[in-house]
Amino acid sequence: MYRSLFILLSIILLISCSNPNKKAKKAELTVVEGLRIGNRAPELIYQNPDGELIALSSLRGKIVLIDFWASWCAPCRIENPNLVAIYKKYCDKKFKTGKGFTIYSVSCDREKQAWTNAIEKDKLSWEHHVSDLKEWNAEATLIYNINSIPSNILIDGNGIILAWNLRGEQLAQKLDMLLE
């Protein structure tokens with residue numbers, strides 16, 4: 001009986017110790033694109049105020065907050081000073097799953113001038129501001145099922161969704177937990 005148990009345990013051990021690289025590759029393949037925590041965040045590619053395309057995937061390697069907002073949204077504008085402070089505090093930090101922190105701001109504005117004025121007035125100093133200027137018909141809001149703003153999604157350096165709708169101290173606490 002002990003011999004049979006020993007053989008069974010040996011087989012289990014051999015199976016569990018087989019080529020870890022194959023397991024890692026298999027695990028990477030099982031990450032699906034979606035909107036749940038643990039899913040790979042859907043790609044977004046939109047123009048910045050200068051007309052240049054910025055892809056969300058171009059920020060891989062960093063912790064990214066995808067922030068949905070608009071110049072006409074009072075709660076968004078109230079939240080902006082918190083985002084500025086968090087950006088300044090964490091932009092150069094090293095995280096377990098990313099180096100640095102940035103914000104990919106998706107504007108739900110219709111008028112370019114109102115959008116760019118709000119960026120300047122609120123001192124939103126990060127580089128990644130995008131919009132298709134379609135307000136509530138913005139493709140990004142449809143892709144991410146955004147029904148109210150401000151809304152945000154935190155993703156890691158691999159583009160994996162970590163959390164939804166963290167604001168102020170909650171966002172800072174989550175970022176602290178992710179620090180190296």
Q. Is the count of non-hydrogen atoms from other residues, nucleotides or ligands lying under 6.0 Å from K93 atom NZ greater than 12?
A. no
Q. Should L154 and K174 count as side-chain neighbours, where that means a heavy-atom distance under 4.5 Å?
A. yes
Q: Evaluate the criterion side-chain contact (heavy atoms from CB on, under 4.5 Å) for residue pair I153 and I155; output intermediate values, then yes/no.
A: CA-CA 6 Å; I153 302 100; I155 63 174; 4.0 Å; yes
(Q) Please give me the minimum heavy-atom distance between E33 and P42, naming the atom from each residue. (A) CD-CA, 3.6 Å
Q: List the steps, then state whether side-chain contact (heavy atoms from CB on, under 4.5 Å) holds for K96 with L178.
A: CA-CA 6 Å; K96 296 171 191 166; L178 298 171; 5.7 Å; no
Q | Under 3.5 Å: donor-acceptor pair, side chain of K112, backbone of P49 | A | yes
Q: Measure the acute angle between the ring planes of Y90 and F101, then classify it against the limits of 30° and 60° as parallel, tilted or perpendicular.
A: perpendicular
Q) Donor-acceptor pair, H129 side chain versus L124 backbone, under 3.5 Å? A) yes
Q: Check for a donor-acceptor pair, side chain of N39 on one end and backbone N or O of R36 on the other, with a separation under 3.5 Å.
A: yes
Q: May I ask you to test the P150-C73 pair for a side-chain heavy-atom distance under 4.5 Å?
A: yes
Q.
Working to the nearest 0.5 angstrom, can you tell me the gap between L171 CG and L166 CG?
A. 5.5 Å
Q: Could you tell me whether E127 atom CD has more than 12 heavy atoms of other residues or ligands within 6.0 Å of it?
A: no
Q) Between atom CD1 of I143 and atom CG of N145, what is the distance when rounded to the nearest 0.5 Å? A) 11.5 Å
Q: Working to the nearest 0.5 Å, report the span between CG of L162 and CE of M177.
A: 9.5 Å
(Q) Taking the side chain as everything from C-beta on, heavy atoms only, tell me whether V130 gets closer than 4.5 Å to L44. (A) no
Q. Ignoring hydrogens and geometry, is there a side-chain-to-backbone donor-acceptor pair from W164 to L35 under 3.5 Å?
A. yes
**Q.** From D132 atom CG to I45 atom CD1, the distance as rounded to the nearest 0.5 Å
**A.** 13.0 Å
Q. For the side chain of K89 and the backbone of A172, is there at least one donor-acceptor N/O pair under 3.5 Å apart?
A. no
(Q) For a quick test of reading the model, state the closest non-hydrogen atom pair linking I86 to G168 and the distance between them. (A) CD1-O, 3.5 Å
Q) When hydrophobic residues are tied together by side-chain contacts of less than 4.5 Å, even through go-betweens, does I119 share a cluster with L83? A) yes
Q.
A side-chain contact here means heavy atoms from C-beta on lying under 4.5 Å apart; do E135 and W72 qualify?
A. yes
Q) To the nearest 0.5 Å, what is the distance between CG (L133) and OG (S107)? A) 6.5 Å
Q) What heavy-atom pair brings Y46 and E139 nearest, and what distance separates the two atoms? A) OH-CB, 3.1 Å
Q) Step by step, would you call E79 with N82 a side chain to side chain donor-acceptor pair (under 3.5 Å)? A) CA-CA 5 Å; E79 181 63 18; N82 294 326; 3.1 Å; yes
**Q.** Residue from I103, I54, V106 passing side chain to side chain contact (heavy atoms under 4.5 Å, CB included) with H128
**A.** I54
**Q.** Check: N152 side chain, N165 main-chain N or O, donor-acceptor pair, under 3.5 Å
**A.** yes
Q) Shortest non-hydrogen contact from G38 to V31? A) O-CG1, 4.1 Å
Q | Rounded distance (nearest 0.5 Å) linking atom OG1 of T141 with atom CD1 of I146 | A | 7.5 Å
Q. Is there a donor-acceptor pair closer than 3.5 Å between any side-chain N or O of R77 and the backbone N or O of S71?
A. yes
Return all side-chain donor-acceptor pairs below 3.5 angstrom for residues 55-70, not counting sequence neighbours, or 'none' if the list is empty.
residue	atom	partner	partner atom	Å
S57	OG	E43	OE2	2.4
S58	OG	A55	O	2.6
R60	NE	N158	O	3.4

Q. Is atom CG of D50 surrounded by more than 12 heavy atoms (other residues, nucleotides or ligands) closer than 6.0 Å?
A. yes
Q) Between S105 and W126, do the side chains contain an N or O donor and an N or O acceptor separated by less than 3.5 Å? A) yes
Q. Are a donor atom and an acceptor atom from the side chains of E120 and N117 found within less than 3.5 Å of each other?
A. no
(Q) Please evaluate residues N147 and W136 with respect to the criterion side-chain contact (heavy atoms from CB on, under 4.5 Å), reporting the C-alpha separation (whole Å), side-chain torsions for both, the decisive distance (0.1 Å), and the verdict. (A) CA-CA 8 Å; N147 297 312; W136 282 113; 5.9 Å; no
